[in-house]
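The shown structure was predicted, so the numbers you read here are calculated from the model rather than taken from an experiment.
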Amino acid sequence: MTMTAALAIPNLLYLYADLFDAGRLEEAAHLFDRGCIAAGERDIKGADAIASFWQRVVHIYPCGTPRTRHLVTNPAITLSDDGQNATCSSQWTVLQQVEGTPLSIIGSGRYHDEFAQFGGDWHFTRRTYGTIDFWGDTKNHLKKHPLPETQ
């Protein structure tokens, strides 16, 4: 793995989490300009469609955020032989606190991501929302569950 991939890919994972937690869903969606997200049985392509999907399922509070903190950990990156593509499996844990509730872990699961290098820069090409290992109380985060529960 090149140092570029070793830094760029985790930085994309963390940038996604930062943008999402800041309520900047449109900017987070633009991270997938060269790809898609796989939500259940469907692929959602294009930044506008992805942002719209997230806006339909995620509560945004008057502060402009979902009042969450996405913790992305344990990225396991595999680089293709030609160094132009990569896959990454990582784990996520989402914390949330809204007024009148304690800070809570509301879910934990796995992302399965694919990346490609274009013009020297790394980009998401596909994110599969993988296994959701644990669901907490998501009523203050999700308007509806976008994916089936799994164990």
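- The CD atom of Q117 lies 8.5 Å from the NE2 atom of H123; values are rounded to the nearest 0.5 Å.
- Transitive grouping of hydrophobic side chains (ILVMFWY, heavy atoms separated by less than 4.5 Å) brings L142 and I132 into a common cluster.
- Rounding to the nearest 0.5 Å gives a distance of 10.0 Å between NE2 of H112 and SG of C88.
- Between atom CZ of residue R67 and atom CD1 of residue I106 there is a gap of 12.0 Å, rounded to the nearest 0.5 Å.
- Under the 4.5 Å side-chain contact rule for hydrophobic residues, I50 and V57 share a cluster.
- Across D43, T87, I37, a single residue satisfies side-chain contact (heavy atoms from CB on, under 4.5 Å) together with R126, and that is D43.
- When the salt bridge (charged side-chain N to carboxylate O under 4.0 Å, His left out) test is applied to K45, no partner is found at least two apart in sequence or on another chain.
- Listed by chain and number, the residues in a ring-ring contact (aromatic ring centres under 6.0 Å, His included) with F124 are F32, F115 (sequence neighbours excluded).
- Within 6.0 Å of the CG atom in D48, the count of heavy atoms belonging to other residues, nucleotides or ligands does not exceed 12.
- Contact detail for A29 and A51: the closest heavy-atom pair is CB-N, 3.7 Å.
- In this structure, W54 is a member of the same hydrophobic cluster as V72, with clusters built from ILVMFWY side-chain heavy atoms closer than 4.5 Å.
- The closest donor-acceptor contact from the side chain of S108 to the backbone of W92 lies under 3.5 Å.
- Between the R34 side chain and the T125 main chain, no donor and acceptor come within less than 3.5 Å of each other.
- From C36, atom SG reaches atom CZ of R127 across 11.5 Å, with rounding to the nearest 0.5 Å.
- Across every non-hydrogen atom of A5 and L79, the tightest pair is CB-CD1, 4.1 Å.
- Side chain of T93 to main chain of L71: no donor-acceptor pair is present (N/O by atom type, distance under 3.5 Å, no hydrogens or angles).
- Separation of atoms CG (D137) and CD (Q96) is listed at 8.5 Å; rounding is to 0.5 Å.
- Under a hydrophobic-cluster definition in which Ile, Leu, Val, Met, Phe, Trp and Tyr are linked whenever side-chain heavy atoms come within less than 4.5 Å, directly or via other members, V94 and Y61 are assigned to different clusters.
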Show every donor-acceptor pair shorter than 3.5 Å between a side-chain atom in residues 8-28 and any protein atom, with sequence neighbours excluded, or say none if there are none.
{"residue": "N11", "atom": "ND2", "partner": "L7", "partner atom": "O", "Å": "3.1"}
{"residue": "Y16", "atom": "OH", "partner": "Y129", "partner atom": "OH", "Å": "3.4"}
{"residue": "D21", "atom": "OD1", "partner": "T68", "partner atom": "OG1", "Å": "2.7"}
{"residue": "D21", "atom": "OD1", "partner": "H70", "partner atom": "N", "Å": "3.3"}
{"residue": "D21", "atom": "OD1", "partner": "H70", "partner atom": "ND1", "Å": "2.6"}
{"residue": "D21", "atom": "OD2", "partner": "H70", "partner atom": "N", "Å": "2.6"}
{"residue": "R24", "atom": "NE", "partner": "E27", "partner atom": "OE1", "Å": "3.4"}
{"residue": "R24", "atom": "NE", "partner": "E27", "partner atom": "OE2", "Å": "2.8"}
{"residue": "R24", "atom": "NH2", "partner": "E27", "partner atom": "OE1", "Å": "2.6"}
{"residue": "R24", "atom": "NH2", "partner": "E27", "partner atom": "OE2", "Å": "3.4"}
{"residue": "E26", "atom": "OE2", "partner": "Q55", "partner atom": "NE2", "Å": "2.5"}

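- Of all the heavy atoms in Q97 and L103, the pair that sits closest is NE2-N, 3.8 Å.
- Summarising the geometry, atom CZ belonging to R69 is positioned 8.0 Å from atom CG belonging to L95; distances are rounded to the nearest 0.5 Å.
- A donor-acceptor contact closer than 3.5 angstrom links the side chains of S80 and D82.
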